[in-house]
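Structure record follows, encoded as structure tokens.
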Amino acid sequence: MKSPLLTLPGAVPAEGVDEGVAAHYGDLFREQRALADGTGFVDLSHRGVVTVTGEDRLAWLHLLLTQHVSDLPAGQATEALILSANGHIEHALYLVDDGETVWAHVEPGTQEALIAYLESMKFFYKVEVADRTADIAVVHLPAGSIAEVPQGVAVRETPYGRDLFLPRADLEAYAGQAGPPAGILAYEALRVEQHRPRLGFETDHRTIPHELGWIGSAVHLQKGCYRGQETVARVQNLGKPPRRLVFLHLDGSEVHLPVAGTELRLAGDGPDGRKIGFITTSVRHHELGPVALALVKRNVAVDAPLVAGDTAAAQEVVVEP
């Protein structure tokens with residue numbers, strides 16, 4: 001779905017998964033600094049929006065999600081996953097309940113598969129699931145923003161900012177009063193700095209929540225049964241995940257960033273060394289320079305110098321080995 005804000009001055013369209021919104025508006029670092037200072041907004045109108053209504057909505061979702069939501073207070077933001085039977089991550093939901101409706105935004109293009117699964121699990125519960133992507137746009141206001149939130153709009157307030165579920169018809173008018181726009185690249189740079197994983201970027205077909213640090217924030221360990229819970233409990237109680245998320249500082253003298261999928265090796269092993277991980281997201285940060293998130297084998301020493309392709313990389317621990 002193409003955003004009308006792509007007509008704003010300087011807008012350069014994003015590509016790939018984030019196609020449909022602006023990558024940037026002409027000055028990536030200025031946009032990052034504005035978000036870090038709590039000003040401006042990010043157009044996330046390409047993301048899928050799903051709602052669940054009905055008196056059983058929270059109790060029903062509690063049975064399906066990794067998060068404890070049966071008693072979720074109105075207005076309290078949370079995030080949750082849906083796992084496969086083997087505990088692999090299939091969906092990530094960023095949700096809030098407004099007292100009548102659960103609002104969730106999800107990765108672009110994943111809402112149809114999510115809704116198909118939810119519909120298959122309705123049984124006798126009094127719930128209605130709807131795809132609201134066509135009429136609702138997600139807008140992100142950074143932490144510290146004093147931009148006004150329109151009355152009646154559902155809001156997810158988190159330590160990283162507020163996500164607004166705004167009527168799509170109001171998007172252009174709201175953009176005119178919300179401050180300078182920032183593109184998805186600025187948003188992604190701050191996400192990487194904050195070590196926050198993203199479905200389809202930090203995940204592949206075999207990712208389990210422990211590898212990305214999603215235990216606690218998206219997975220509640222004291223709730224009842226849900227699909228994939230056996231794997232979560234077994235790894236939590238009896239073992240360790242095979243991989244772990246790390247934050248990388250990349251050699252700033254390189255002209256090109258190592259792209260997602262670039263293999264990681266131990267620096268001491270040379271160019272023919274064995275693969276010990278791979279880049280998941282790489283960005284240029286306005287203060288930190290080139291940085292990245294990556295998945296590495298759990299037993300890689302936390303102080304081991306790495307090489308991403310031909311680029312030297314120093315790691316910071318995100319998930320403990």
Side-chain angles (χ1 to χ4, degrees), residues 3-15 17-18 20-47 75-79 94 96 103 105 107-108 137-151 153-166 170-198 201-202 213 217 245 247-250 252 257 280-293 314 316 318:
S3 172
L5 302 190
L6 285 172
T7 61
L8 291 179
V12 175
E15 299 177 346
V17 174
D18 290 321
V21 296
H24 61 83
Y25 294 88
D27 192 335
L28 174 60
F29 290 153
R30 177 188 59 77
E31 294 164 32
Q32 286 186 35
R33 287 191 291 269
L35 293 180
D37 290 341
T39 60
F41 71 96
V42 183
D43 175 13
L44 299 179
S45 62
H46 63 316
R47 291 184 64 81
Q76 179 175 310
T78 191
E79 55 189 83
Y94 300 85
V96 67
W103 296 82
H105 66 79
E107 286 298 321
V138 180
V139 173
H140 175 77
L141 301 177
S145 170
I146 59 173
E148 183 179 348
V149 176
Q151 188 172 6
V153 169
V155 179
R156 291 186 70 253
E157 184 154 5
T158 75
Y160 310 107
R162 290 173 288 172
D163 297 335
L164 280 55
F165 293 87
L166 188 74
D170 298 340
L171 181 57
E172 288 185 90
Y174 186 73
Q177 65 185 46
I184 193 71
L185 291 183
Y187 181 84
E188 284 288 283
L190 299 190
R191 177 183 72 82
V192 170
E193 177 195 12
Q194 295 154 354
H195 305 167
R196 292 190 289 135
R198 182 177 174 188
F201 287 65
E202 280 60 60
S217 62
L245 185 68
F247 178 76
L248 298 179
H249 292 271
L250 303 172
L257 285 173
T280 58
T281 306
S282 59
V283 299
R284 296 192 184 277
H285 190 275
H286 71 286
E287 288 184 341
L288 302 176
V291 292
L293 293 175
E316 285 185 14
V318 177

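Side chains are part of it too, since the values below use all heavy atoms of this structure and drop only hydrogens, waters and symmetry mates. Small disclaimer: the values here were computed from a predicted structure and weren't measured.
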Self-check item: Derivation and outcome, side-chain contact (heavy atoms from CB on, under 4.5 Å), residues L5 and L171
Solution: CA-CA 8 Å; L5 302 190; L171 181 57; 4.1 Å; yes

* Please work out whether the ring planes of H195 and F247 are parallel, tilted or perpendicular, with thresholds of 30° and 60°. =>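 If you compare the ring of H195 with that of F247, the planes turn out tilted.
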
Checklist entry - If you look only at pairs with a residue in residues 21-41, which of them pass as a side chain to side chain donor-acceptor pair (under 3.5 Å), with sequence neighbours excluded? => result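 Every side chain to side chain donor-acceptor pair (under 3.5 Å) pair that includes a residue of residues 21-41, provided the two are not neighbours, is Q32-H286.
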
- request: Assess whether side-chain contact (heavy atoms from CB on, under 4.5 Å) is satisfied between H285 and L190, documenting all intermediate values.
  value: CA-CA 8 Å; H285 190 275; L190 299 190; 3.9 Å; yes

Can you find a heavy atom in the side chain of [X] that is under 4.5 Å from one in the side chain of [Y]?
{"X": "S282", "Y": "V291", "answer": "no"}
{"X": "H46", "Y": "S3", "answer": "no"}
{"X": "Y174", "Y": "L164", "answer": "yes"}

Closest approach of [X] and [Y], non-hydrogen atoms and distance?
{"X": "H105", "Y": "V138", "answer": "CB-CG2, 3.7 Å"}
{"X": "L6", "Y": "A11", "answer": "O-CB, 3.4 Å"}
{"X": "A292", "Y": "V192", "answer": "C-CG1, 4.0 Å"}
{"X": "Y94", "Y": "F165", "answer": "O-CZ, 4.3 Å"}
{"X": "V149", "Y": "V155", "answer": "CG1-CG2, 3.5 Å"}
{"X": "P150", "Y": "E148", "answer": "CD-O, 3.8 Å"}

Tell me if the CD atom of Q194 is crowded by more than 12 foreign heavy atoms within 6.0 Å.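 Enclosed: over 12 neighbouring heavy atoms sit under 6.0 Å from CD of Q194.
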
Measure the [atom1]-[atom2] distance between [X] and [Y] for me, rounded to the nearest 0.5 Å.
{"X": "L141", "Y": "I146", "atom1": "CG", "atom2": "CD1", "result": "11.0 Å"}
{"X": "L248", "Y": "T281", "atom1": "CG", "atom2": "OG1", "result": "11.0 Å"}
{"X": "D43", "Y": "D18", "atom1": "CG", "atom2": "CG", "result": "10.5 Å"}

Can you check whether [Y]'s main-chain N or O pairs, donor with acceptor, with [X]'s side chain at less than 3.5 Å?
{"X": "T280", "Y": "L293", "answer": "yes"}
{"X": "R156", "Y": "T78", "answer": "yes"}
{"X": "R47", "Y": "V139", "answer": "no"}

| Can you list the residues that meet the side chain to side chain donor-acceptor pair (under 3.5 Å) rule with E188, with sequence neighbours excluded? |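 With sequence neighbours excluded, E188 shows a side chain to side chain donor-acceptor pair (under 3.5 Å) to R191, R198, given in chain and number order.
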
Could you pull out all donor-acceptor pairs under 3.5 Å where a side-chain atom in residues 177-187 meets a protein atom, sequence neighbours excluded?
none

